[in-house]
2 protein chains.
Amino acid sequence: MSLSSRFAVAVHVLTLLAQVEDRPATSEYMAGSINTDPVVVRRILGALRKAGLVTTQPGVGGGSSLARDPEQITLLDVYRAVEKGRLFSLHHRPPNPHGVVGGNIQTTLESVFGEAEAAMEEVLAGITVTQVLQDVVACAGQVVEQ
Amino acid sequence: MSLSSRFAVAVHVLTLLAQVEDRPATSEYMAGSINTDPVVVRRILGALRKAGLVTTQPGVGGGSSLARDPEQITLLDVYRAVEKGRLFSLHHRPPNPHGVVGGNIQTTLESVFGEAEAAMEEVLAGITVTQVLQDVVACAGQVVEQ
DNA sequence: CCAAACTGTAACCATTATAGTTGCAAATCG
DNA sequence: CGATTTGCAACTATAATGGTTACAGTTTGG
C-alpha cells in the first residue's frame with residue numbers, strides 16, 4: 001500500500017503558512033486551498049503542533065503560524081510529524097523460527113528496510129519548506145508565461 | 001500508512017527458493033516457513049511469476065523455482081513485482097487550482113516524491129537475493145555460536 | 001458581558017486494502 | 001485413474017483513511 005496523503009497535505013499546509021509569512025492562517029482558509037474540510041486540516045495541524053512545527057491561536061483573529069523559519073523546516077520534519085511507524089512492514093504473523101530462513105529473515109529485513117528508509121529520509125532532509133514555496137512560485141511563473 | 005507485508009513475504013519466498021537451489025518448492029512448504037496459508041504464498045508467487053522472477057510447475061512433484069540466478073535478482077525487482085503504484089500519495093482530492101500554492105503544489109510534490117522514491121529504490125537495487133540468503137545464513141551462524 | 005470567530009477533539013460513516021480462508025477446476029505424474 | 005499440486009475466484013474480518021457532524025473551550029471586541 002502507499003503512504004497516506006497526510007504528508008502531501010501537511011506540506012501544502014506549511015507552504016501556505018510560509019507564503020502568508022507572519023499573519024496567522026485559519027483552517028478554513030487552508031481548507032479552501034487544499035480542497036477539503038477544515039477539520040481535516042486541523043487534524044494535520046495537530047500533528048504538526050505536536051512536532052513543534054506550528055503554533056496556533058484560538059479565538060477571533062486566530063489561526064496557525066510557523067513555529068520557526070521555513071528555511072529551518074525540512075520535509076523530513078514534516079514526514080516524521082505525520083507518518084507514524086516504519087515505511088516497510090515485516091510479516092503479518094512472525095515466521096516459523098525453526099529453519100534457517102524463517103528464523104533469521106526478519107533480522108536481515110530490518111537491516112535492509114532501515115537502509116532503504118534512511119536513503120529516502122536523507123532526500124527529504126535536504127529539502128526545506130522555503131525551497132518548496134520557491135519551486136511552487138517558479139511553477140506559477142512558468143504557467144503565466146505560456 | 002505503511003507498505004504491505006507482501007514485500008517481506010516475497011523476499012522470504014525468493015530466499016527460500018535460493019536456498020533449495022534447483023529443487024522446486026511447494027507453496028505448502030514455503031507457507032510453513034512463512035507461517036501463513038499456501039494460498040497467500042501462491043498469490044505472491046503469481047506476482048513474481050508475472051514479473052519473470054520465478055517459474056512454476058503444477059502437478060505431482062511440482063512447485064516453484066527461481067527463473068534466474070539469485071545473484072541476478074535484486075530487491076528492487078521484487079519490490080516492483082509486488083508493490084504497485086507510487087510510494088507517496090498526492091492529495092485525496094485535487095487542490096483548488098486558484099491560488100499559487102494550490103495550483104502548483106502537486107507538480108512540486110511529484111518531483112520531490114520522485115527523488116525520494118528513487119533514492120530508496122537505489123538501495124534496493126544494490127541488494128540481491130543471494131546477499132539476503134548469505135546474511136540470513138550468517139545470522140543463523142551467530143545464533144548458534146551464542 | 002455576550003456574541004462572533006476561532007480552535008480541538010471525539011464520534012460516526014463510507015471506502016479501500018490487506019490477509020486469511022474456503023472451494024473448485026485444471027494440470028501433472030506415476 | 002488417483003494423488004498432488006497449482007491458479008483463481010469469492011467471501012470474511014480487520015484496519016486505516018478521509019469526510020462529516022457535533023460540541024465544548026478560548027479569545028477578541030463591541
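All chains are named by letter (A, B, ...) in the order of the sequence lines, taking the proteins before the strands, and each is independently numbered beginning at 1.
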Requested in this report: Counting heavy atoms from C-beta on, name the nucleotide in D/dT6, D/dT27, D/dA22 closest to the side chain of B/R49.
Outcome: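 For the B/R49 side chain, the nearest candidate turns out to be D/dT6.
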Taking C-beta and beyond as the side chain, do [X] and [Y] meet within less than 4.5 Å on heavy atoms?
| X | Y | result |
| --- | --- | --- |
| A/E71 | A/V129 | no |
| A/I105 | A/H91 | yes |
| A/Q19 | A/L16 | yes |
| B/T36 | A/H92 | no |
| B/R6 | B/K84 | no |

Requested in this report: Evaluate the ring planes of B/F88 and A/F7, with Trp represented by its six-membered ring, and classify them as parallel (under 30°), tilted (30 to 60°) or perpendicular (over 60°).
Outcome: tilted
Starting at atom [atom1] of [X], determine the distance to atom [atom2] of [N], rounded to an integer number of angstrom.
| X | N | atom1 | atom2 | value |
| --- | --- | --- | --- | --- |
| B/I44 | D/dT6 | CD1 | C1' | 16 Å |
| A/D37 | D/dC23 | CG | C1' | 15 Å |
| B/H92 | D/dA16 | NE2 | C1' | 12 Å |
| B/L45 | D/dG7 | CG | C1' | 11 Å |

Query raised in the report: Are A/T36 and D/dG18 close enough that a side-chain N or O sits under 4.0 Å from OP1 or OP2?
Result: no
Query - Along DNA chain C (nearest heavy atom to each residue), the more 5'-positioned of B/G59 and A/R43 - result: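 It is A/R43, whose closest nucleotide lies nearer the 5' terminus.
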Query raised in the report: What residues in residues 1-18 of chain A put a non-hydrogen atom under 4.0 Å from any atom of DNA chain D?
Result: A/S4, A/S5, A/R6
Query raised in the report: From the 5' end of DNA chain C to its 3' end, which nucleotides mark the outer limits of contact with chain A, defined by a 4.0 Å heavy-atom distance cut-off (strictly under)?
Result: C/dA4 to C/dT21
Query raised in the report: Distance only, no hydrogens: is a donor on one side chain within 3.5 Å (strictly under) of an acceptor on the other, for B/S64 and B/T56?
Result: yes
Requested in this report: Select from B/S64 and A/V40 the residue whose nearest nucleotide in DNA chain D is closer to the 5' end of that strand.
Outcome: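 Its nearest nucleotide being more 5', the pick is B/S64.
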Query raised in the report: Of B/R93 and B/Q57, whose nearest nucleotide on DNA chain D comes first from the 5' end?
Result: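 Result of the comparison: B/Q57.
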Requested in this report: For B/R23, look at atom CZ and say whether over 12 heavy atoms of other residues, nucleotides or ligands are found less than 6.0 Å away.
Outcome: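 Not more than 12 within 6.0 Å, no.
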Query - Euclidean distance, B/T107 OG1 relative to A/D135 CG, rounded to 0.5 Å - result: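 Answer rounded to 0.5 Å: 8.5 Å.
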